[in-house]
Number of protein chains: 2
Amino acid sequence: MNLDSETKAVELPEDHGDELRLWLRLLTCTTLIEGAVRGRLRERFDVTLPRFDLMAQLDRAPDGMTLSDVSKRMMVSNGNVTGLVERLVESGHLDRRTLVSDRRVQVIRLTKAGRAEFRKMAAEHETWIADIFSDLTPKDVRDLMRLLAKAKGSAQKAASRRAL
Amino acid sequence: MNLDSETKAVELPEDHGDELRLWLRLLTCTTLIEGAVRGRLRERFDVTLPRFDLMAQLDRAPDGMTLSDVSKRMMVSNGNVTGLVERLVESGHLDRRTLVSDRRVQVIRLTKAGRAEFRKMAAEHETWIADIFSDLTPKDVRDLMRLLAKAKGSAQKAASRRAL
DNA sequence: TTCAATTTCTTTAGGCTTCAAGCAATTGGC
DNA sequence: GCCAATTGCTTGAAGCCTAAAGAAATTGAA
């Protein structure tokens, strides 16, 4: 007779403290790094992190993106993107035009100035990240990549289960 | 003659793409999980994530905390905590009193109702996290804990270097 | 064709967050 | 005691963010 499976069958509270501690540690790491990056972007380039992130998405899409694409990629709400884009168009970093074949759709691109500005920021940004992770060996980095990929997959699966 | 060290000496751009990808993956994981937790807290308990986080800090501190303590622990600004606490006092979850020995200091605690409410939420919250990480083996969890601890240390060291 | 459903984006209300400036209380050097 | 520096918190301005409701354009089934 298997006591463990009996125990599970009656839904006794299980211990998930390790997973909880993992989540808190993950959150701490991200918050820490995010704060450092935010501060440096601000003092060096007077730009906010969301603006930088949006420009990063567009830098990889020379043909532009729709607002919905951006929203999915950045995992933020549509309304959020609307406001963000508005300010970046205003400041001359972004170009926005309505798609002729579907007038609901707005396609946004980096302007020439916006791209130049972003490239300058991105180059420095990369060195900050390297500095932040400088105690990690190449193997640490590989292991983390692999484990985080697995964690991401697990989280996505959980989310899709939830969506049913 | 060592070409590599020559190369470094003239500051040629090094490749830090792996570290950058690691950071993006870390951010993606956190954003994904944070969104899931936020949504569940909202639909199940009609509470926001920052409120939950603040109550979690206080649950571990039966004797209460000062606003500065909370601010450091949560890694958010002082002004942020002021507003958050204000709303939670208003809703009856928190009790706030001025320290007699130093009238600048506010000590906040969970009220009885606040603590009961939090315990209920925390129990469910733990199962959500377990579900989100359910594809990870116990070894994966241990490895991630260890590597993230190392990453956190590295980030903190970088931040303190920066602060000089 | 027609119109209900869907998609894309915007708007609104409310809350979160930062930074910087400011106020009040305390501390420490003189 | 005096007062300059520090500490703890609040305020204000600006921006970020979400959820929900709504407007405009498109699609597709009858």
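Residue B:L49 contributes atom CG, which lies 13 Å from atom C1' of C:dT17 at whole-angstrom precision. Computed from coordinates, the A:R103 CZ to D:dA23 C1' distance equals 14 Å when rounded to whole Å. When rounded to the nearest whole Å, the span between CD of A:Q106 and C1' of D:dA25 equals 12 Å. Residue B:L54 contributes atom CG, which lies 10 Å from atom P of C:dC16 at whole-angstrom precision. Following rounding to the nearest Å, B:R87 (CZ) and C:dG14 (C1') show an atom-to-atom distance of 9 Å. In this structure, B:L94 atom CG and D:dC9 atom P are separated by 14 Å, rounded to whole Å. Residue A:D102 contributes atom CG, which lies 8 Å from atom C1' of C:dT8 at whole-angstrom precision. For the pair B:M65 CE and D:dG8 P, the computed distance is 13 Å after rounding to whole Å.
The phosphate of D:dC16 (OP1 or OP2) has a side-chain N or O of A:T48 nearer than 4.0 angstrom. Regarding contacts with the backbone of C:dT18, a side-chain N or O of B:N80 is found under 4.0 angstrom from either OP1 or OP2.
Two residues, A:R96 and A:R38, neighbour DNA chain C, and the one matched to the more 5' nucleotide by heavy-atom proximity is A:R96. Residue whose closest nucleotide on DNA chain D sits further toward the 5' end, between B:D69 and A:M74: B:D69. Heavy-atom nearest nucleotides on DNA chain D were determined for B:V105 and for B:G39, and the one closer to the 5' end corresponds to B:V105.
Using a 4.0 Å heavy-atom criterion, one finds that B:S77 contacts the bases of the nucleic acid, with or without backbone contacts as well. Using a 4.0 Å heavy-atom cutoff across all strands shown, A:T66 reaches sugar-phosphate atoms only and no base atom. Across all strands, A:N78 comes closer than 4.0 Å to base atoms (heavy-atom distances). Within the 4.0 angstrom heavy-atom criterion, only backbone atoms of the sugar-phosphate kind lie near B:S68; the bases stay farther away.
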Derivation of the salt bridge (charged side-chain N to carboxylate O under 4.0 Å, His left out) call for B:R73 and B:D69: CA-CA 6 Å; B:R73 285 294 199 88; B:D69 288 342; over 6 Å; no

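Within the 4.5 Å cutoff, the side chain of B:R87 has no heavy atoms near those of the B:P50 side chain. The shortest side-chain heavy-atom distance between B:E86 and B:E90 does not fall under the 4.5 Å cut-off.
Comparing C:dG15, D:dG15, D:dT10 against the side chain of B:R51 picks out C:dG15 as the nearest. For B:L84, whose side chain is taken as the heavy atoms from C-beta onward, the closest listed nucleotide among C:dT26, C:dT17, D:dC9 is C:dT17. When distances are taken from the side chain of B:R42 to each of D:dA19, D:dC16, C:dC9, the shortest belongs to D:dA19.
For the pair A:L22 and B:M145, the tightest heavy-atom approach, listed with the atom from each and the gap, is CA-SD, 3.5 Å. Shown here for A:R115 and A:L58, the closest heavy-atom pair between the two residues is NH2-O, 4.3 Å. Across A:V76 and A:S71, no two heavy atoms sit closer than the pair O-OG, 2.7 Å.
Counting atom types as modelled, A:R104 pairs no side-chain N or O with a base atom of D:dT26 as donor and acceptor under 3.5 Å.
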